[in-house]
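All values derive from a computational prediction rather than experimental measurement. Scope of the values below: all heavy atoms of this structure, side chains included, with no hydrogens, waters or symmetry mates.
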Amino acid sequence: MNLQDLGWTEDLAQALTRFAGLIPARVALEHRGGYEVYTTDGLHTAQLAGKLRHQSKVIPAVGDWVVLRDYVIQGILPRTSTFSRQGAGEATREQIICTNVNTVFLVNGLDRDFNLRRLERYLLLTWESGANPVIVLNKADQCPDLADQVRATERMAMGVPVIPVIATQQQGIDQLRSYLRVGQTVALLGSSGVGKSTLTNALLGYDRQITQAVRADDQRGRHTTTHRELIWIESGGLIMDTPGMRELGVWANEESLQQTFGDLETWASTCRFRNCAHQTEPGCGIQAALKHGRLDPGRWQSYQKLKQELAYLATKQDKQAQLAEKERWKKLQKAQRSQNKRI
């Protein structure tokens, strides 16, 4: 393989000039003991330099381009896209799922697990990442009203490709393969049990990923994929399979929210008043769309919920920044007092 097969670009080549004597590699897998990375010589094991592990706030993620010396990672090259979610727990922190992805396949199972509201959340984070979304409706053979589900998804995600497939029967796979061109990276994201690993095997043309049937009682998956892995395809492109995500805390901004809910912006632009709160104001475009059935109430509620989550996230980030700044000033003042005592 060559660097272009792995997604190398002129911008990356320019960034590499800051690391004289180091060689570029792309992270394929992360594990406790280190990393697996692709170079022009194939797949190799690499370790993280101590200065990055202990001093840097940013460590490599699957999909990252890194620079090596003797298979020790010395730095990370700039990212073109970053799909993140808010980490679990009370602390406000970003959890990076994958980086440097061109296209995100948002995989949904057309069984009892299908959920438009959850898909809106995935779309929000995909737009925020900088990658392009494609909605994949898997298990199309298990959906008695396939045409209706496709139309509902297309209305919800205006302009986003919606592709129904049956991964186990290779139906619709050729349409997805069109996104796997030389140097292009596709990540598969979705809940456990939607068929990401089966879809990965179908795209690869052989059984590489372990697959299991969902539980019959609740149609939940069994987390057959336990880690993120970037897989190079000799015929062109790279696939990133990921574990299912049951929690998807938002890590985004207002601009990505507006992009996800562009139809609401259209209705809101017809409001009589610019500062309309879309509640009881006369001439409200949103309320008129709801009243006449042009806007799904569930979508409006989803928008309001996500907007509140983003506002809360921004507040927590501001408080966190204020605390960090306060702590910085404390350290500076302490250092100044120590210096004055020595004088």
Side-chain angles (χ1 to χ4, degrees), residues 81 83 101-180 184 186-191 193-196 198-199 202-203 219 245 248 250 252 255-270 285-286 288-307:
S81 65
F83 189 101
V101 169
N102 302 101
T103 304
V104 174
F105 285 172
L106 298 176
V107 186
N108 296 258
L110 284 176
D111 48 15
R112 286 183 288 173
D113 189 57
F114 185 65
N115 187 314
L116 285 175
R117 303 288 80 86
R118 183 172 61 241
L119 184 52
E120 287 168 341
R121 190 173 287 262
Y122 273 100
L123 271 173
L124 169 63
L125 296 185
T126 303
W127 289 126
E128 178 71 18
S129 77
N132 293 314
V134 172
I135 297 173
V136 180
L137 303 181
N138 193 22
K139 308 180 185 181
D141 54 330
Q142 299 183 31
C143 182
D145 54 348
L146 177 60
D148 291 340
Q149 294 285 37
V150 171
R151 280 194 295 269
T153 306
E154 289 175 338
R155 285 196 302 269
M156 182 274 297
M158 294 185 303
V160 177
V162 178
I163 304 174
V165 304
I166 308 174
T168 56
Q169 301 176 24
Q170 290 282 324
Q171 292 189 23
I173 299 303
D174 285 342
Q175 194 172 353
L176 297 182
R177 281 202 182 103
S178 66
Y179 293 92
L180 286 166
Q184 294 289 298
V186 173
L188 281 68
L189 298 175
S191 303
V194 297
K196 296 187 301 298
T198 302
L199 189 59
L203 290 166
Q219 295 296 302
M245 293 186 287
L248 201 64
V250 294
E255 183 178 348
S256 297
L257 182 69
Q258 306 311 328
Q259 191 168 8
T260 305
F261 292 88
D263 54 330
L264 270 66
E265 290 298 300
T266 301
W267 293 119
S269 67
T270 66
I286 293 289
L290 289 168
K291 180 179 178 180
H292 294 99
R294 300 189 186 98
L295 174 60
D296 178 8
R299 183 162 171 77
W300 172 237
Q301 292 170 7
S302 177
Y303 170 81
Q304 291 177 302
K305 180 180 179 181
L306 288 170
K307 190 176 180 67

*What residues form a side chain to side chain donor-acceptor pair (under 3.5 Å) with Asp145, not counting sequence neighbours?*
none
*asked:* Using side-chain contact (heavy atoms from CB on, under 4.5 Å), reason through Leu116 and Thr153 one step at a time and then give a plain yes or no.
replied: CA-CA 7 Å; Leu116 285 175; Thr153 306; 3.9 Å; yes
*Can a salt bridge be assigned to the pair Glu120 and Arg117 using a cut-off of 4.0 Å between side-chain N and carboxylate O?*
yes
Show which side-chain atoms of residues 157-172 pair as donor or acceptor with protein atoms under 3.5 Å away, not counting sequence neighbours.
unit_1	atom_1	unit_2	atom_2	d
Gln169	OE1	Gln171	NE2	3.2

*Looking at residues at least two apart in the chain, or sitting in another chain, which of them share a ring-ring contact (aromatic ring centres under 6.0 Å, His included) with Tyr303?*
Phe261, Trp300
_Gap separating the CG atom of Leu137 from the CG atom of Leu146, nearest 0.5 angstrom_ = 7.5 Å
*Are any side-chain N or O atoms of Lys196 and backbone N or O atoms of Val107, one a donor and one an acceptor, separated by less than 3.5 Å?*
no
_For the CG atom of Leu188 and the CZ atom of Phe105, what is their distance to the nearest 0.5 Å?_
6.5 Å
*Can you find a pair of side-chain heavy atoms, one from Arg151 and one from Arg155, that are under 4.5 Å apart?*
yes
*Please step through side-chain contact (heavy atoms from CB on, under 4.5 Å) for the pair Asn102 and Asn132, ending with a clear verdict.*
CA-CA 6 Å; Asn102 302 101; Asn132 293 314; over 6 Å; no
*Any chance you could lay out the side-chain contact (heavy atoms from CB on, under 4.5 Å) test for Asp111 and Val194, step after step, and finish with the verdict?*
CA-CA 9 Å; Asp111 48 15; Val194 297; over 6 Å; no
*To the nearest 0.5 Å, how far apart are CD in Glu265 and CG in Leu257?*
8.0 Å
_Spatial distance of atom OH (Tyr122) from atom CG (Leu189) [nearest 0.5 Å]_ = 6.5 Å
*Identify the two heavy atoms, one from Phe114 and one from Asn108, that lie closest to each other, and give their separation to 0.1 Å.*
CD1-CB, 4.0 Å
*Gap separating the OG1 atom of Thr198 from the CG atom of Leu203, nearest 0.5 angstrom*: 11.0 Å
*Below 4.5 Å, heavy atoms only, C-beta onward: do Thr103 and Val134 meet side chain to side chain?*
yes
*Which atom pair, heavy atoms only, marks the closest approach of Ala252 to Leu125?*
CB-CD2, 4.3 Å
*Between Ile173 and Leu199, is any pair of side-chain heavy atoms under 4.5 Å apart?*
yes
_Nearest-0.5 Å distance, CG of residue Leu124 to CD of residue Gln258_ = 10.0 Å
*Okay, side chain of Ser81, backbone of Val101: is any donor-acceptor separation there less than 3.5 Å?*
yes
*Is there a donor-acceptor contact under 3.5 Å from the side chain of Arg299 to the main chain of Met156?*
yes
*Evaluate the criterion side-chain contact (heavy atoms from CB on, under 4.5 Å) for residue pair Thr260 and Leu306; output intermediate values, then yes/no.*
CA-CA 11 Å; Thr260 305; Leu306 288 170; 5.9 Å; no
*Please name the pair of heavy atoms, one in Gln149 and one in Cys143, separated by the smallest distance, quoted to 0.1 Å.*
CG-SG, 3.5 Å
*Compare every heavy atom of Trp127 with every heavy atom of Gln259, then report the nearest pair and how far apart it is.*
NE2-CE3, 3.2 Å
_Residue pair Ser129 / Ala131: nearest heavy atoms and the distance that separates them_ = OG-N, 3.1 Å
_Is it the case that the side chain of Thr270 and the backbone of Thr266 share a donor-acceptor pair, with hydrogens and angles ignored and the cut-off at 3.5 Å?_
no
